[in-house]
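Reviewing the structure listed below.
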Amino acid sequence: MFHIHRKNNEDGASEDSIEASGHPYSILNRGDKEFPAASVRHIDGAGEETLLERVGLETGTSNKELKRMESAFDRFFRNSNTNDLPEDEGSERKDAMDVTSRLEKLINQEFPAKLEIPTPSQLIPRLGKLPRNRSVYSPGDWVEIEGLDMKWRLDMITRVIKTAPDTFDWNDPAQMNVEPTWTFKYNAGAERNVDAYDLRAPESGLKAVFGKRPWVWQQWALLKLEAKMRFQEGHQDDFVELDIQKYASELWEQWLEEPENADFRKVYFDARIGEKGRNLLVNHIQKPFNLVDIMGEENKEWDFAEDDNINVFTYLSLHGSGILLPLVVLAVQIMIPIILLLETRKRERCDNGDELEPEVYLAKIMSLAVFTYYLFSVIPNTYSNFFNVAGAADTVYSRLLSLRRELWLQSEDSLLQMIGYKLDIYLNTSYETVLSMLNIFVILYEQAAIEIILNALAFAFIARIDEDVTKSDWYDPKRRWCTAGAMNVVIQTTLKLRFLDSPKLFSKHFDIPEGMLLEVCDGDSSFLHNKGLAKNDHEDPHFMTNTEKIEHMCSTIAVKGGNRNALEEYKKPVRYFGILEKTFGRMLGAHPIFERFSCYRTWSRWHKILFLSPVPDLDLVFDIDEDGNISVSKTLDESITHLENFFPEEDDVSAWMLFLRHFKDVLIFRELARALKSPGRAGMASTLLRVIDGIVFNWGSYFIHILFPLYLCSAFGETLYNLVTSKCFHPIATAEEYISEWINNVIN
């Protein structure tokens, strides 16, 4: 039942509210005054927005239209004394139908039906004026969302949620007619309450409007950023101290104002693009720089020091160097379980059918307790940890592995990076599962309760050796090397090195004629990858900013004068990660930190290429009708044939479901096919590693997670039978002996 209540506010204005089942919905009527929908507050003083306020703000419904809707609601509820619609055809019926149609329109606006596949023209965002204190995106807009797996996916916004800041006091009379600065979150696909930071305009739509030239700039700017960053604590260009977003913005402005960029600048500042269009482009193109910058700041999302799962193999996977310590740790973690296994197999056990001794009976009780703990704690934790590592969890370690997986699928990582990545996964998933199975095996042989507990503690210690080493004060106390490695992987993942190595691929991806590219690089087949030219261009003042010219001159003077203090300030230090690498450097194939892509700093070629990608004709992008209204041209639906970052098979699918799909893909070798199909720069050694890994190690690491619960349940059943019957019975040992004998016969 709906009831009408009228109250007088402090300013004497009246406000009506409709209550249904105790939930008030305010009508936007405050005496003679008319306020914007977003500024009117709830009569109960709680600060909750009304239904109409929220929808008006989120869907862009005008205040005038909201007033019409309010009037219809007001007439209906004043003239109706029942929840049923009026039966006659008079004014009550008309008001009721008006209310129904308006509510239907309102619901469809706030909760739009999602299209399975968007048309290319729908991917062009709403451009024009940038809204102030309003949502940038609206329900029905297509955007790209960054998931916990660090992967961007194209999806449609289905809901916009706005909230006032916690500091805003709704009951403060001084803020009665003040609109708070709203915070907006979004629902899209399977994601809920997504921050605006994790959204960006669709890449396909932006390229249709602006062309691909900004993405050429992005590749160049990432190389400039790597050249700028230092691993030098206390220096203003240290990777933690450097304001990376500011530096990237300066590079953008510098590129935008170049005389050769006049044609792009004309499109960029076109009135049809507007401030909002420019903002959406910059926000999209600057995402990798923002991510690198945030990694160096103090925040919970990238707090490397607080994640206990980061280990020595994580460092190897990030840097591709520092191989000595991971090899030592790996040897220790393999050797200790093997010794325990060999020692256990030498022990004698009672024969099947023998009576249990009293001390053995106590040991079986302890075994059953341990197995029960495994059933209700270790198995769930094992699968949860497996999801955190192989899936997409909200942890720093999981996000790092997601970045590494993207690099692995691109085939852009070095051989040592690949080895570190796979060891990182296996030592934190299948290895721990194997240790648990070995512990079960040892427990079944133990005949003393105290030994069972000690063995369980020993296996827990073994599993954490690789993590515990990184917590040592001498290793990386501030996690600076981990942070720098993560930043480097973001750059490495975003750079398309296979394009930078090939004029043909670069031409195809950025719509520049291959002949023009070959002319720029004088027929050099390595294209932008040229070590000698990069070294010369790096010292050429023609490709420096004024600040860089001054720093280069100071560095030259400091070298001539032998001024070591000045050199520390003006010359970028060379820093390697790893004990052997610090001594032998590039002899081991290692790269100094923030020098991995130094061979691509061929600025003389970049300066010519930056402005070659064509710029679209906006007259072909937008249509103007007789009334001067601007709309997106439908002809784009025919010209755009590929949708960037669109994965319909992952649409509206939860992270757990994606993980289960990935699990299945590994077992049926589909994941192996993806890794081998990657159009990266993998050599023979890398390809061989991927094949062996996919067929043996990766497949085995997933299959072992199916065997583990079966093995545990068998051990639990065997122990329970021993306790109930007080007799020895070893079906697992019998099966193990049979399998071992069968394997020996096959080999011999």
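Computed from a predicted model, the values in this text were never measured in an experiment. Below, all heavy atoms of this structure are taken into account, side chains as well, without hydrogens, waters or symmetry copies.
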Open item on the list: Under 6.0 Å from the ring centre and within 45 degrees of the ring axis: does the NZ or CZ of K287 meet both conditions for the six-membered ring of Y197?
Closed with: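 Judged by the rule (NZ or CZ under 6.0 Å from the ring centre, within 45° of its axis), K287 counts as positioned above Y197.
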TODO: Test the K422-W408 pair against the cation-pi criterion, namely NZ or CZ under 6.0 angstrom from the six-membered ring centroid and within 45° of the ring axis.
DONE: yes
Task: Intermediate values then yes/no, side-chain contact (heavy atoms from CB on, under 4.5 Å), K471 and R464 - done: CA-CA 11 Å; K471 297 177 184 177; R464 298 294 301 178; 4.0 Å; yes
Does any part of the side chain of [Y], heavy atoms only, come nearer than 4.5 Å to the side chain of [X], both counted from C-beta?
| X | Y | result |
| --- | --- | --- |
| R399 | D394 | yes |
| I593 | H319 | yes |
| I157 | W142 | no |
| N698 | Y426 | yes |
| F577 | L318 | no |
| L407 | Y421 | no |
| S701 | I425 | no |

Is there a donor-acceptor contact under 3.5 Å from the side chain of [X] to the main chain of [Y]?
| X | Y | result |
| --- | --- | --- |
| Q333 | I462 | yes |
| E226 | F597 | yes |
| T158 | N187 | yes |
| D303 | N299 | no |
| Y361 | L723 | yes |
| N455 | E451 | yes |
| S414 | G320 | no |

Tell me whether the centres of the aromatic rings in [X] and [Y] are closer together than 6.0 Å.
| X | Y | value |
| --- | --- | --- |
| F231 | F594 | no |
| F716 | Y374 | no |
| Y702 | F386 | yes |

Might you point out which heavy atoms bring [X] and [Y] nearest each other, and give the distance in Å?
| X | Y | value |
| --- | --- | --- |
| C713 | L375 | SG-CD2, 4.2 Å |
| E412 | L497 | OE1-CB, 3.5 Å |
| T719 | S367 | CG2-CB, 4.0 Å |
| F708 | I379 | CE2-CG1, 3.6 Å |
| S317 | Q417 | O-CG, 3.4 Å |
| N311 | T470 | C-CG2, 3.4 Å |

Open item on the list: Does H591 form a side-chain contact (heavy atoms from CB on, under 4.5 Å) with S321? I'd like the steps, not just the answer.
Closed with: CA-CA 8 Å; H591 295 278; S321 60; over 6 Å; no
For [X], what residues pass the side chain to side chain contact (heavy atoms under 4.5 Å, CB included) criterion, not counting sequence neighbours?
| X | result |
| --- | --- |
| A715 | F371, I440, L444, I732 |
| F461 | I465 |
| D476 | Y315, R479, R480, W481, C482 |

Open item on the list: Under the salt bridge (Lys or Arg N to Asp or Glu O under 4.0 Å) test against R404, which residue among D413, D149, D424 passes?
Closed with: D413
Open item on the list: Between K727 and E355 (salt bridge meaning N to carboxylate O under 4.0 Å), is one present in this structure?
Closed with: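 A salt bridge links K727 with E355.
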TODO: Applying side-chain contact (heavy atoms from CB on, under 4.5 Å), run through L667 and I706 and close with a yes or a no.
DONE: CA-CA 11 Å; L667 294 180; I706 298 176; 3.9 Å; yes
Open item on the list: My understanding is that only one of N428, N309, D307, T314 makes a side-chain hydrogen bond (donor to acceptor under 3.5 Å, both in side chains) with Y397; could you say which?
Closed with: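 Option passing the side-chain hydrogen bond (donor to acceptor under 3.5 Å, both in side chains) with Y397: N428.
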- [ ] Among K151, R200, R153, find the one that has a side-chain hydrogen bond (donor to acceptor under 3.5 Å, both in side chains) with E144.
- [x] R200
